Undergrad: 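The following block contains the structure, expressed as C-alpha cells.
Keep in mind the model is a prediction, meaning the values are calculated, not measured.
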Amino acid sequence: MRAALWFLGLFAMAVAIALFAGNNQGTITVFWPPYRVDLSLNLVLLLLALLFLVLHVALRALAALFAIPGHAHSWRLQHQERAMHLALLDSLSHLVAGRFIRARKAAEVVLARESAMTRGGETLVYAGRLRALSHLLAAESAQALQDKAAREEHFQQALDQALHHDAQGTREGLQLRAARWALEDHDAQGALQWLDDMPQGAARRTIALRLRLKAARMARQTPLALETARLLAKHRAFSEVAAQGLLRGLALELVSTAYDPDQLQAVWHQLEASERLTPEVAIEAANRMLQLDGDVDLARSWLLPIWERMVGQAGALTEAQRISLIHALENGFALASGAPEAAWLIRIEQAQMANPGDSALQYLAGITCMRLQLWGKAQQLLKQSLTRLQDAGLARNAWAALAELAEQRGDVAASTQAWQNAAKTGTTRLA
C-alpha cells in the first residue's frame with residue numbers, strides 16, 4: 001500500500017512538472033554591462049536545483065571530513081570501554097572458577113585502563129562504580145589467597161570510591177563482604193561491627209541477617225543470635241523444620257547460660273510463647289531451675305503445659321521427651337513439700353487411670369506416692385511398671401525406690417534383691 005502511494009505521488013509530481021514546464025514561456029534577463037543574458041525560466045530553476053544539490057553534497061562532505069577526529073576519538077573510547085568490560089568479565093570468571101591470581105590481575109588491568117583514560121581527559125559517568133567493583137574483585141581474590149595486606153589496600157580504595165555519587169549503592173555490598181571476611185578470619189566482633197554500621201533497611205536483608213546469626217553464634221551472644229534467628233524464620237529464610245530446630249537449639253543454649261534463678265526467670269521471659277511450649281526448652285529450663293535451687297513450684301508450672309500436651313494428645317511428645325519430662329517432674333517432687341505434690345498426684349493419677357497400660361505413668365505415680373509416704377500404693381505401682389518399662393534409667397530408679405521401701409519395712413532380703421536388680425541395669429541413680 002505504501003509503495004502504491006509513492007508511485008501515485010511520483011506520477012502526480014511528474015504531471016505537475018510537465019504542465020508547468022511544457023508551456024512555460026517565461027524568461028529571465030541578466031544585465032552585466034556591457035552584456036545581456038537571456039535565460040528561460042525552466043533553465044534557471046534547473047540550475048538553482050543543481051546548485052542546491054551541489055552545495056548540499058559539499059556541506060555534507062565537509063561535515064564528514066571535520067567529524068573524522070571525533071569519530072576516531074569515539075572509536076578509541078569505545079575500544080577502551082570494551083577492553084575494560086572484557087577484563088572485568090575475565091576477573092569475575094576467574095574468581096568463580098577459583099583462579100584467584102588471574103582474577104586479581106584482570107581486576108588490576110581494569111583499574112589501569114580506567115586510570116589511563118582519566119589521565120587522557122576522558123571520564124566515564126560510571127567510573128566510581130567501576131573502580132569500586134574492580135577493587136572489590138581484587139580484594140576478594142587477595143582474601144582467597146590469604147594476602148591480608150593487599151586485601152585491606154584494595155578494600156580501603158573501594159570504600160573511597162564508594163563515596164562517589166555514582167557508586168554509593170556499592171557501599172552496602174562492600175560492608176557485607178567485609179563482614180564475611182571478618183567471619184572467615186574468626187573475628188566475630190569485627191563482623192558485628194560492620195553489620196551494625198549498615199543502614200537499618202540493608203541490615204534487615206536476609207543475607208545480612210544470616211551473617212549476623214553466624215557472627216552472634218561465633219561470639220557466643222546467644223540473645224542476639226536468637227533474635228536474629230526469629231527474624232530469619234519470619235522471612236522464611238529456612239524451612240519450617242530447620243527454623244524450629246535452630247530456634248530450639250538457641251533457646252536451650254540461652255537457658256543453659258543462666259547461673260542463678262533470677263537470671264533464669266529473665267531468660268524465660270525473653271522467650272516467645274512458642275519457644276516456651278517447646279518440650280526440650282521447658283524441660284531444660286525446669287531442670288536448670290532445680291539445679292540452681294530455685295523455685296520448684298515455678299519450675300513445675302513451666303512443665304505443666306508440656307504435661308497437658310502429653311496426656312491430652314496421643315503422640316504429641318516423642319518417647320525421649322516423655323522420659324525427660326518424667327525425670328524432671330521426679331526431680332521436682334524430690335525437692336518440694338507436700339501440698340503442691342498432692343495437686344500433681346491428682347493429675348498423675350487421672351492420667352494413669354486414663355492410660356492404664358502406660359508404664360512410664362505408672363512409674364511416675366509410684367514415685368509421687370512414695371514422696372507423699374503412700375508406701376503401699378507406691379510399691380504396687382512401681383512393681384506394675386517394672387514389667388513394661390523400656391527405659392533403663394527409669395528401671396534403675398524403680399528398683400532403687402523398691403529397695404528403699406523394703407528398707408523402711410525392715411525387709412533386708414527384699415532390699416538386697418532390689419539393689420541387685422538395680423545394679424544389673426547399670427549404676428544406680430537415686431531420684
Undergrad: Supply the atom-to-atom distance Arg309 CZ to Leu325 CG, rounded to the nearest 0.5 angstrom.
TA: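 With rounding to 0.5 Å, CZ (Arg309) is 10.5 Å from CG (Leu325).
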Undergrad: For His79, give me all partners under ring pair (Phe, Tyr, Trp, His ring centres under 6.0 Å), at least two apart in sequence or on another chain.
TA: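 Ring pair (Phe, Tyr, Trp, His ring centres under 6.0 Å) list for His79, sorted by chain: Trp75.
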Undergrad: With sequence neighbours left out, what residues match Asp196 under salt bridge (Lys or Arg N to Asp or Glu O under 4.0 Å)?
TA: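 Asp196 satisfies salt bridge (Lys or Arg N to Asp or Glu O under 4.0 Å) with Arg212 only.
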Undergrad: Is it true that Ser115 and Arg119 share a donor-acceptor pair across their side chains at a distance under 3.5 Å?
TA: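 Yes.
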Undergrad: Does the pair Glu308/Arg347 count as a salt bridge with the N-to-O cut at 4.0 Å?
TA: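 So Glu308 does not pair with Arg347 through a salt bridge.
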Undergrad: Passes side chain to side chain contact (heavy atoms under 4.5 Å, CB included), Leu176 versus Met198? Steps please.
TA: CA-CA 9 Å; Leu176 288 173; Met198 295 183 66; 3.7 Å; yes
Undergrad: Any donor-acceptor pair under 3.5 Å linking the side-chain atoms of Asp160 with those of Gln156?
TA: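 The answer is no; no qualifying pair exists.
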Undergrad: If the condition is salt bridge (Lys or Arg N to Asp or Glu O under 4.0 Å), which residues does Arg177 pass it with, not counting sequence neighbours?
TA: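 With neighbours one apart ignored, the set is Glu140.
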Undergrad: As a quick check of understanding, evaluate side chain to side chain contact (heavy atoms under 4.5 Å, CB included) for Phe100 and His94, giving each step before the final call.
TA: CA-CA 6 Å; Phe100 302 115; His94 292 319; over 6 Å; no
Undergrad: Would Asn287 and Gln291 count as having a side-chain donor-acceptor pair, cut-off 3.5 Å?
TA: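 No donor-acceptor contact under 3.5 Å links the two side chains.
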Undergrad: Residues two or more places apart in sequence or in another chain: which of them pass side-chain contact (heavy atoms from CB on, under 4.5 Å) with Glu153?
TA: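 Result, side-chain contact (heavy atoms from CB on, under 4.5 Å) vs Glu153: Gln157.
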Undergrad: With sequence neighbours excluded, what pairs up with Lys105 under the salt bridge (Lys or Arg N to Asp or Glu O under 4.0 Å) test?
TA: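 Partners of Lys105 under the salt bridge (Lys or Arg N to Asp or Glu O under 4.0 Å) test: none.
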Undergrad: Closer than 3.5 angstrom, by distance alone: can the side chain of Gln321 be matched with the main-chain N or O of Thr318 as a donor-acceptor pair?
TA: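 Pair found, side chain donor or acceptor close to backbone of Thr318.
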Undergrad: Determine which pairs satisfy ring-ring contact (aromatic ring centres under 6.0 Å, His included) with at least one residue from residues 191-243, sequence neighbours left out, and list them in order.
TA: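 Sorted result for residues 191-243: Phe155-Trp194.
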Undergrad: Could you grab the distance from atom CG of Leu111 to atom CD of Gln161, nearest 0.5 Å is fine?
TA: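 The CD atom of Gln161 is 8.5 Å from CG of Leu111, to the nearest 0.5 Å.
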Undergrad: Name all residues meeting the side-chain contact (heavy atoms from CB on, under 4.5 Å) criterion together with Pro69; count only those two or more places apart in sequence or in a different chain, and write none if there are none.
TA: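 With sequence neighbours excluded, Pro69 shows a side-chain contact (heavy atoms from CB on, under 4.5 Å) to no residue whatsoever.
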Undergrad: Both conditions, 6.0 Å and 45 degrees, for the charged tip of Arg288 above the ring of Tyr259: are they met here?
TA: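 Judged by the rule, Arg288 and Tyr259 form a cation-pi pair.
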Undergrad: Please list, chain by chain and in numerical order, all residues satisfying side-chain contact (heavy atoms from CB on, under 4.5 Å) with Arg248, sequence neighbours excluded.
TA: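 Arg248 satisfies side-chain contact (heavy atoms from CB on, under 4.5 Å) with Leu252, Thr278, Glu280, Val281 once adjacent residues are dropped.
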Undergrad: Between Trp419 and Trp399, is the ring centre distance below 6.0 Å?
TA: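 No: the rings miss the under 6.0 Å criterion.
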Undergrad: With sequence neighbours left out, which residue pairs that include part of residues 250-267 fulfil the salt bridge (charged side-chain N to carboxylate O under 4.0 Å, His left out) condition?
TA: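 Sorted pair list comes back empty.
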Undergrad: Can you name the residues that form a ring pair (Phe, Tyr, Trp, His ring centres under 6.0 Å) with Trp6, not counting sequence neighbours?
TA: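 Expected list: none.
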Undergrad: With Leu231, which residues qualify under side-chain contact (heavy atoms from CB on, under 4.5 Å), at least two apart?
TA: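 Expected list: Arg204, Leu209.
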Undergrad: Return yes if some donor-acceptor pair links the side-chain N/O of Asp185 with the main-chain N/O of Asp187 below 3.5 Å, else return no.
TA: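 No, Asp185 side chain to Asp187 backbone: no donor-acceptor pair under 3.5 Å.
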Undergrad: Strictly distance-based, threshold 3.5 Å: is any side-chain N or O of Arg171 a donor or acceptor partner for the main-chain N or O of Leu163?
TA: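 No, because the side chain of Arg171 does not come within donor-acceptor range (under 3.5 Å) of the backbone of Leu163.
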Undergrad: Is the count of non-hydrogen atoms from other residues, nucleotides or ligands lying under 6.0 Å from Ile101 atom CD1 greater than 12?
TA: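 Incorrect, the count does not exceed 12.
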Undergrad: Enumerate the residue pairs fulfilling salt bridge (charged side-chain N to carboxylate O under 4.0 Å, His left out) with a member in residues 71-85, sequence neighbours excluded, ordered by first and then second residue.
TA: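 Non-adjacent pairs meeting salt bridge (charged side-chain N to carboxylate O under 4.0 Å, His left out): zero.
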Undergrad: Backbone N or O of Glu114 within a donor-acceptor pair of the Thr118 side chain at under 3.5 Å?
TA: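 Yes, the answer is positive, given that a donor and an acceptor are paired below the 3.5 Å cut-off.
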